[in-house]
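Just below is one structure, and these are the notes that go with it.
Along the sequence shown, residues are numbered consecutively beginning with 1. FYI, side chains are in, hydrogens and waters are out, and symmetry mates aren't considered; it's all heavy atoms of this structure.
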Amino acid sequence: MKVFSTTDQMGQEEGVGPRCLEAEGSNVFVTTRGGYVGVIDTVSLGLRNMYKVGVNPEGITVVEGEKATFLYVANNGNTSADASISVINLSNTSVSEIRNDKFHCPRQIAAAGEILYVLDDGYIDADGIQQEAGLYVYN
């Protein structure tokens with residue numbers, strides 16, 4: 001069995017706490033608690049690239065567009081203010097963020113065509129009750 005150590009390949013701080021992964025073509029994408037996405041070559045198990053994304057990245061999905069391939073990452077953040085979706089354009093390696101007041105703790109993300117589905121844990125109110133958890137649809 002071959003092993004890819006995220007901390008050995010990406011760095012001790014960057015590769016700490018691998019969370020979720022997604023495969024596409026000859027790549028596997030992995031999110032880490034360090035705030036990064038690593039791109040792993042499926043043949044050599046070597047690190048192809050890594051991207052700095054939002055706080056506490058978790059769920060990840062790949063979307064093939066007409067002119068580019070995008071990677072969407074659900075960043076659950078430490079607070080609602082940190083919650084976001086990172087958008088990595090794999091064609092030009094740019095990274096941008098989608099922020100929305102409705103995002104409190106995004107955990108998972110999926111795509112169907114041009115629509116993103118974001119599973120959000122919501123937040124815990126002062127009485128200890130979970131609020132605004134649900135599935136959000138984002139165009």
Heavy-atom pair with the smallest gap, counting every atom of Ala74 and Ile85: CA-CD1, 3.8 Å

Heavy-atom pair with the smallest gap, counting every atom of Thr61 and Ala111: OG1-N, 4.0 Å

Approximate separation, where rounding is to 0.5 Å, of Asn89 CG and Thr69 OG1: 8.0 Å

Straight-line distance of Asn56 CG to Arg19 CZ, nearest 0.5 Å: 8.0 Å

Shortest non-hydrogen separation from Phe103 to Ala83 and the atoms involved: O-CB, 3.8 Å

ring-ring contact (aromatic ring centres under 6.0 Å, His included): pairs with one or both residues in residues 108-135, sequence neighbours excluded: His104-Tyr123

Over 12 foreign heavy atoms within 6.0 Å of CD, Gln131: yes

Nearest heavy atoms of Pro57 and Gly35, plus distance in Å: CD-CA, 3.7 Å

Smallest separation among heavy atoms of Thr32 and Glu14, with atom names: OG1-O, 2.5 Å

Inter-residue atom distance Asp41.CG - Ser26.OG, 0.5 Å rounding: 6.0 Å

Thr42 and Arg48: side chain donor to acceptor below 3.5 Å: no

Check: Ser44 side chain, Gly46 main-chain N or O, donor-acceptor pair, under 3.5 Å: yes

Sub-4.5 Å side-chain heavy-atom contact between Val37 and Leu71: yes

Under 3.5 Å side-chain donor-acceptor pair for Glu58 and Thr31: no

Residue pairs passing the ring-ring contact (aromatic ring centres under 6.0 Å, His included) test where at least one lies in residues 31-88, sequence neighbours excluded: none

Test item: Ile115 and Val137 side chains (from C-beta on) under 4.5 Å apart, heavy atoms: yes

Within-4.5 Å side-chain heavy-atom neighbours: Gln9 and Met50: no

Sequence-distant partners of Ala81, side-chain contact (heavy atoms from CB on, under 4.5 Å), two or more places apart: Thr79

Leu135 CG to Gln108 CD distance, which is reported to the nearest 0.5 Å: 11.0 Å

Asp8: partners by side-chain contact (heavy atoms from CB on, under 4.5 Å), with sequence neighbours left out: Ser5, Gln12

Non-hydrogen side-chain atoms of Ile40 and Asn27 separated by less than 4.5 Å: no

Check: Gln130 side chain, Asp121 main-chain N or O, donor-acceptor pair, under 3.5 Å: yes

Nearest-0.5 Å distance that lies between atom CZ in Arg99 and atom OG in Ser80: 11.0 Å

Asp125 CG: over 12 foreign heavy atoms closer than 6.0 Å: yes

Non-hydrogen atoms of Asp120 and Pro106 that approach each other most closely: OD2-N, 3.4 Å

Heavy atoms of other groups near Glu13 CD, more than 12 under 6.0 Å: no

Residues that Ser96 engages under side-chain contact (heavy atoms from CB on, under 4.5 Å), provided they are two or more places apart: Val87

Co-members of Ile124 in a cluster of I, L, V, M, F, W and Y side chains, linked at under 4.5 Å: none

